[in-house]
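A quick note: this is a predicted structure, and the numbers were derived from the prediction, not measured.
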Amino acid sequence: MNTDPVLEVIAGVCLVLGALMSLAAAIGLLRFPDLLSRMHAATKPQVFGLLLLLIGLALQLRSWAAVPVLIIAWLFQLLTVPVSAHMVGRAGYRTKHLHRETLSVDDLDAVVQKAAAEEAERKRADAAEEAALAADPELDGHQTDIDRQQIIALIRRSGSPPWSPGGNP
């Protein structure tokens with residue numbers, strides 16, 4: 001039995017389906033309303049469409065020498081597309097380029113709020129430290145650097161400066 005016509009049909013089906021998946025990804029990029037939806041459309045069908053195209057190409061070429069190159073190409077896409085989508089999604093989230101009403105669950109909101117609060121506390125502690133060092137006239141030169149390092153270490157261990165209202169006694 002000759003398998004050439006069967007392999008030709010399977011290769012053709014894989015090529016057409018892969019092209020349709022890539023077309024669906026392109027249409028999703030144009031039609032979806034916000035960044036996160038577009039990011040999803042650009043990653044999911046594109047990777048699967050590329051897999052189908054590469055399988056169709058491997059079946060069409062019928063060369064074992066081409067298979068490692070096609071596998072490397074697909075693995076490279078499989079590893080880089082989710083990472084780039086994650087980076088784009090986080091950047092879009094942080095710069096407010098999304099429609100919050102389209103989110104069913106906002107898992108990043110608590111994390112971003114906590115990071116913002118920690119940054120504000122860190123800035124407040126740094127300002128209080130600078131004010132305390134500027135108010136003490138006995139600190140000078142080399143001694144100032146040592147005292148600053150000790151104060152910074154104390155603040156980092158305790159979480160707040162000792163002279164603040166909620167500080168350590």
Distance (rounded to the nearest 0.5 Å) between L70 CG and L57 CG:
5.0 Å
I10 and V13: same hydrophobic cluster, using ILVMFWY side-chain contacts below 4.5 Å?
yes
Following the transitive rule for hydrophobic clusters with a side-chain heavy-atom cut-off under 4.5 Å over Ile, Leu, Val, Met, Phe, Trp and Tyr, establish whether I55 and L7 coincide in one cluster.
yes
How close do W74 and V47 get, heavy atom to heavy atom, and via which atoms?
NE1-O, 3.5 Å
Interatomic distance, CD1@I72 vs CD@Q77, rounded to 0.5 Å, equals 13.5 Å
Carboxylate-amine/guanidinium proximity below 4.0 Å for E118 and K123
no
Working to the nearest 0.5 Å, report the span between CG of L35 and OG1 of T95.
7.5 Å
To check you understand the geometry: which heavy-atom pair defines the closest contact between F32 and S37, and what is its length?
CD1-O, 3.4 Å
M21, V81: one ILVMFWY side-chain cluster at the under-4.5 Å cut-off?
yes
Side-chain touch W64/V67, heavy atoms, less than 4.5 angstrom
yes
Here the gap from L75 atom CG to L79 atom CG, rounded to the nearest 0.5 Å, amounts to 6.0 Å
When you group the ILVMFWY residues by side-chain heavy-atom contacts below 4.5 Å and let the links chain together, are V69 and L50 in the same group?
no
What do the steps show when you test D4 against R62 for side chain to side chain contact (heavy atoms under 4.5 Å, CB included), and what is the final call?
CA-CA 10 Å; D4 284 345; R62 293 188 194 117; 3.9 Å; yes
Show your working on side chain to side chain contact (heavy atoms under 4.5 Å, CB included) between Q60 and E8 and close with a plain yes or no.
CA-CA 7 Å; Q60 187 69 30; E8 292 284 334; 3.5 Å; yes
Between G89 and L36 the two heavy atoms that sit nearest each other are CA-CD2, 4.1 Å
State the CZ-NE2 distance between R90 and H86, to the nearest 0.5 angstrom.
5.0 Å
For the atom pair SG (C14) and CG (L59), what is the distance rounded to the nearest 0.5 Å?
6.0 Å
Closest approach of H40 and P45, non-hydrogen atoms and distance?
O-CD, 3.8 Å
Examine L15 and L54 and state if one hydrophobic cluster contains both, with Ile, Leu, Val, Met, Phe, Trp and Tyr joined whenever side-chain heavy atoms are less than 4.5 Å apart.
no
Can any side-chain N or O of S22 pair as donor or acceptor with the backbone N or O of A19 at less than 3.5 Å?
no
Stepwise salt bridge (charged side-chain N to carboxylate O under 4.0 Å, His left out) test for K114 and E119:
CA-CA 9 Å; K114 182 181 175 187; E119 180 66 24; over 6 Å; no
Tell me, yes or no, whether the heavy-atom count around Y93 atom OH, taken from other residues, nucleotides or ligands under 6.0 Å, exceeds 12.
yes
Of the non-hydrogen atoms in L61 and A66, which two are nearest, and what is the gap between them?
CD1-CB, 3.8 Å
